[in-house]
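Taking it in order: structure first as structure tokens, then the write-up.
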Amino acid sequence: MLNTKRVYALREWTVELRARGWFYFRTYGEKEEKGPYRSMASVTLMIARELLREITRRDAPHQLPQ
């Protein structure tokens with residue numbers, strides 16, 4: 001199954017700049033906002049980490065034991 005094509009539709013995020021800094025939260029569903037972050041780069045890095053966790057969780061059943 002190593003070469004099997006797998007496609008994941010990932011959740012969307014909303015990012016807002018407020019007086020205290022950058023905040024982000026899921027566009028749909030829970031509105032647990034995270035922040036403040038000082039820069040746009042910091043908030044996008046945190047979203048990338050969230051996406052990595054989601055892909056890892058979804059792909060786990062397809063991984064072969066090592």
Side-chain angles (χ1 to χ4, degrees):
M1 262 212 255
L2 221 50
N3 293 327
T4 304
K5 181 178 178 181
R6 294 190 288 274
V7 177
Y8 299 101
L10 301 170
R11 296 183 185 195
E12 296 180 24
W13 298 91
T14 298
V15 177
E16 291 182 358
L17 177 59
R18 300 178 186 166
R20 294 185 340 180
W22 291 93
F23 291 80
Y24 75 98
F25 51 89
R26 292 193 188 275
T27 303
Y28 304 104
E30 67 199 55
K31 290 289 184 183
E32 180 185 336
E33 63 183 36
K34 297 176 184 173
Y37 294 94
R38 298 189 88 163
S39 69
M40 204 180 323
S42 294
V43 78
T44 55
L45 178 61
M46 295 308 294
I47 292 171
R49 290 178 177 163
E50 295 269 355
L51 293 173
L52 175 64
R53 281 192 283 273
E54 187 169 339
I55 292 169
T56 303
R57 179 185 59 80
R58 289 185 187 191
D59 198 54
H62 304 288
Q63 295 298 313
L64 298 175
Q66 296 191 22

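When a residue number appears, it is its place in the shown sequence, counting from 1.
- Taking a cutoff of 4.0 Å between a charged side-chain nitrogen and a carboxylate oxygen, R26 and E54 qualify as a salt bridge.
- Minimum interatomic distance between W13 and T27 (heavy atoms only, all atoms of both residues): C-OG1, 3.2 Å.
- To the nearest 0.5 angstrom, T14 atom OG1 is 8.0 Å from Y28 atom OH.
- Remark: side-chain polar atoms of S42 are not paired, donor with acceptor, to backbone N or O of R38 under 3.5 angstrom.
- The nearest pair of heavy atoms linking W22 to S39 is CD1-C, 3.5 Å.
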Exercise. Hey, mind stepping through E50 and R11 against salt bridge (Lys or Arg N to Asp or Glu O under 4.0 Å) and telling me if it holds?
Worked result: CA-CA 10 Å; E50 295 269 355; R11 296 183 185 195; over 6 Å; no
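- Annotation: the span from T56 atom OG1 to L52 atom CG amounts to 4.0 Å, rounded to 0.5 Å.
- Shown here for P36 and G21, the closest heavy-atom pair between the two residues is CB-CA, 4.2 Å.
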Exercise. Would L45 and Y37 count as a side chain to side chain contact (heavy atoms under 4.5 Å, CB included) if you check the C-alpha gap in whole Å, the side-chain angles of each, and the deciding distance to 0.1 Å?
Worked result: CA-CA 10 Å; L45 178 61; Y37 294 94; over 6 Å; no
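- Heavy-atom minimum distance, R18 versus F25: NH2-CE2, 4.1 Å.
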Problem set entry | Pair K31-E33, side chain to side chain contact (heavy atoms under 4.5 Å, CB included): steps then yes or no | CA-CA 6 Å; K31 290 289 184 183; E33 63 183 36; over 6 Å; no
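- Residue L17 is grouped with residue M40 when hydrophobic side chains (ILVMFWY) are merged at heavy-atom distances under 4.5 angstrom, including chains of intermediate members.
- In this structure, the side chain of R58 engages the main chain of A9 through a donor-acceptor pair within 3.5 Å.
- Side-chain contact between Y24 and I47 is present, with heavy atoms from C-beta onward closer than 4.5 Å.
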